[in-house]
Amino acid sequence: MSFPKDFIWGAATASYQVEGAYNEDGKGLNVWDVTTSVNGRVKHNENGNIACDHYHRYKEDIKLFQEMGIKYYRFSISWSRVIPDGIGEVNEKGIQFYSDLVDELLAAGITPLITLFHWDLPYELYLRGAYGNPDFPQWFENYTKVVIDAL
């Protein structure tokens with residue numbers, strides 16, 4: 001068995017698992033920030049507060065991608081970095097991070113593939129009932145529009 005010639009090979013990450021900078025530049029809390037802050041809830045009390053520090057090291061990471069020959073990078077966007085409370089004001093520094101990341105990838109000849117939501121719901125939306133709230137589709141639509149318009 002072999003892969004088709006047009007199979008897309010690349011790398012993938014999830015924002016919570018790699019970005020770090022959990023409380024920098026206006027980012028709001030997400031459900032994982034809160035869940036992992038409860039002592040004993042996660043083995044060894046591990047969290048994504050620093051993670052791989054991709055937020056600060058994305059340019060270095062992209063150089064490594066180039067060295068490895070990666071042509072596609074699938075990453076997720078942290079909703080709470082873009083809109084800290086899930087609804088309302090857009091965090092310009094947060095959206096700028098993703099814009100800079102995309103620009104850097106394109107300049108390196110790497111195609112960005114974006115996942116809008118990878119289970120890191122803004123904590124404020126969790127407090128409002130999350131997916132069970134009838135307003136959830138509108139919240140997600142607004143967030144999606146912000147990201148699409150920016151990127």
Side-chain angles (χ1 to χ4, degrees), residues 1-38 40-84 86 90-123 125-126 130-133 136-151:
M1 184 176 150
S2 63
F3 289 94
K5 290 181 182 186
D6 60 350
F7 187 83
I8 296 175
W9 288 99
T13 61
S15 59
Y16 182 75
Q17 296 169 336
V18 298
E19 286 180 12
Y22 86 102
N23 65 350
E24 291 184 41
D25 291 337
K27 181 189 168 292
L29 294 175
N30 65 47
V31 292
W32 291 110
D33 295 323
V34 174
T35 298
T36 61
S37 72
V38 177
R41 185 168 279 172
V42 177
K43 190 171 185 175
H44 306 298
N45 296 314
E46 293 175 348
N47 58 54
N49 293 0
I50 298 171
C52 300
D53 201 21
H54 188 58
Y55 186 79
H56 297 112
R57 304 180 71 151
Y58 70 92
K59 289 181 181 182
E60 297 168 54
D61 294 340
I62 291 170
K63 285 180 184 173
L64 291 172
F65 294 169
Q66 285 181 298
E67 290 174 17
M68 295 168 58
I70 291 171
K71 298 294 182 194
Y72 298 89
Y73 177 45
R74 198 280 304 156
F75 62 94
S76 64
I77 293 180
S78 172
W79 187 343
S80 60
R81 190 174 301 284
V82 173
I83 305 173
V90 172
N91 177 17
E92 294 302 329
K93 287 183 179 180
I95 201 70
Q96 188 64 52
F97 164 71
Y98 294 109
S99 180
D100 292 346
L101 175 61
V102 167
D103 290 346
E104 194 78 16
L105 288 165
L106 293 173
I110 299 169
T111 301
L113 304 170
I114 295 171
T115 297
L116 286 168
F117 182 69
H118 200 145
W119 305 109
D120 61 343
L121 184 71
Y123 187 65
L125 297 186
Y126 168 79
Y131 318 107
N133 188 310
F136 187 86
Q138 184 65 49
W139 300 337
F140 188 73
E141 179 183 354
N142 292 338
Y143 158 66
T144 300
K145 184 173 179 358
V146 167
V147 172
I148 289 172
D149 289 349
L151 302 182

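We use all heavy atoms of the structure for the numbers below, so side chains are in, but hydrogens, waters and symmetry mates are not.
Asp149 is linked by a salt bridge (charged side-chain N to carboxylate O under 4.0 Å, His left out) to Lys145, counting only residues two or more places apart in sequence or in another chain. For the side-chain hydrogen bond (donor to acceptor under 3.5 Å, both in side chains) test, no residue two or more places apart in sequence or in another chain qualifies with Tyr58. Residues passing the side-chain contact (heavy atoms from CB on, under 4.5 Å) test with Asn142, sequence neighbours excluded: Gln138. Taking Phe136 as the reference, Trp79, Leu121, Tyr131, Trp139, Phe140 meet the side-chain contact (heavy atoms from CB on, under 4.5 Å) condition, with sequence neighbours excluded. Every residue meeting the side-chain hydrogen bond (donor to acceptor under 3.5 Å, both in side chains) condition with Asp25, not counting sequence neighbours, appears here in chain and number order: Tyr55. In this structure, Asp103 has no side-chain hydrogen bond (donor to acceptor under 3.5 Å, both in side chains) partners at least two apart in sequence or on a different chain. Asp33 meets the salt bridge (charged side-chain N to carboxylate O under 4.0 Å, His left out) test with Lys27; sequence neighbours excluded. Every residue meeting the ring pair (Phe, Tyr, Trp, His ring centres under 6.0 Å) condition with Tyr73, not counting sequence neighbours, appears here in chain and number order: His54, Phe65, Phe75. Checked against side-chain contact (heavy atoms from CB on, under 4.5 Å), Lys59 has the following partners two or more places apart in sequence or in another chain: Glu104. Scanning for side-chain contact (heavy atoms from CB on, under 4.5 Å) contacts around Asn45 gives Asn39, with sequence neighbours left out. Among residues two or more places apart in sequence or in another chain, the salt bridge (charged side-chain N to carboxylate O under 4.0 Å, His left out) test is passed with Arg41 by none.
Arg74 contributes a side-chain N or O that, together with a main-chain N or O of Thr13, makes up a donor-acceptor pair within less than 3.5 Å. With Ser37 contributing its side chain and Val34 its backbone, the two residues share a donor-acceptor pair below 3.5 Å. With hydrogens and angles ignored, the 3.5 Å screen pairs a side-chain donor or acceptor of Thr35 with a backbone N or O of Val31. A donor-acceptor contact shorter than 3.5 Å is absent between the side chain of Ser76 and the backbone of Thr115.
Judged by distance alone, the side chains of Glu24 and His56 do bring a donor and an acceptor atom under 3.5 Å apart. Tyr22 and Thr36 share no donor-acceptor pair across their side chains, judged by distance under 3.5 Å alone.
For Leu106, the CG atom counts as densely surrounded, since its 6.0 Å shell holds more than 12 non-hydrogen atoms of other residues, nucleotides or ligands. Around the CZ atom of Arg57, the shell of radius 6.0 Å holds no more than 12 heavy atoms that belong to other residues, nucleotides or ligands.
Judged as a salt bridge (Lys or Arg N to Asp or Glu O under 4.0 Å), the pairs with a partner in residues 9-20 (not counting sequence neighbours) are, in order, Glu19-Arg81.
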